[in-house]
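Here the structure is laid out as structure tokens; the discussion comes afterwards.
Source: prediction; values computed, not measured. Keep in mind that the numbers below use all heavy atoms, side chains included, and drop hydrogens, waters and symmetry copies.
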Amino acid sequence: MASGEVIYRCQVRGKLKQGRKRVQNVVVAGDRVRLTSIAASGQGSEQPSGVVEEVLPRRNRISRRAARRSGGRVEQVLMANLDQVVAVQSVAE
């Protein structure tokens, strides 16, 4: 996760993973989140860490239905909050 110029190595809070699963992925690329910074345990240039407390509402998303093993009823979000999508296709094949 990035906050301004700082990049955090984050874990997802357990309570975000609980409850009824309507979406397979809790946090995806492009999500805006609220995080809590955790103090680094050592000195040096260690990357700061944090915990994702909340996933903020998504403006848009690219998703699909999950595989058959979940019964096909669970949405699998691939990316969120997209500004631009470019489709690339080969002409030869």
Got a second to check how far Met79's CE is from Arg61's CZ, nearest 0.5 Å? 13.0 Å
Return the OH to OG distance between Tyr8 and Ser37, rounded to the nearest 0.5 Å. 4.5 Å
Candidate pair Arg13 and Glu54, rule side-chain contact (heavy atoms from CB on, under 4.5 Å), full reasoning: CA-CA 8 Å; Arg13 175 75 62 201; Glu54 176 185 6; over 6 Å; no
Looking at every heavy atom in both Val26 and Val55, which two are closest together, and how far apart are they? O-CG2, 3.8 Å
When every non-hydrogen atom of Val27 is compared with those of Val12, the smallest separation belongs to CG2-CG2, 4.1 Å
May I have the step-by-step check of side-chain contact (heavy atoms from CB on, under 4.5 Å) for Gln89 and Val91, ending in yes or no? CA-CA 6 Å; Gln89 183 175 355; Val91 177; over 6 Å; no
Just by distance, do the side chain of Asn81 and the backbone of Arg58 share a donor-acceptor pair under 3.5 Å? no
Partner residues of Arg64 under the salt bridge (charged side-chain N to carboxylate O under 4.0 Å, His left out) criterion, sequence neighbours left out: none
When you compare the side chain of Cys10 with that of Val51, does any pair of heavy atoms fall below 4.5 Å? no
Does CZ in Arg32 sit with more than 12 non-hydrogen atoms of other residues, nucleotides or ligands closer than 6.0 Å? no
Using links of under 4.5 Å between side-chain heavy atoms of ILVMFWY residues, direct or through other members, which residues join Val88 in one cluster? Val86
Stepwise side-chain contact (heavy atoms from CB on, under 4.5 Å) test for Leu82 and Ile62: CA-CA 8 Å; Leu82 302 163; Ile62 291 180; 3.3 Å; yes
Can we say Arg34 and Glu53 salt-bridge, meaning some charged N sits less than 4.0 Å from an Asp/Glu carboxylate O? no
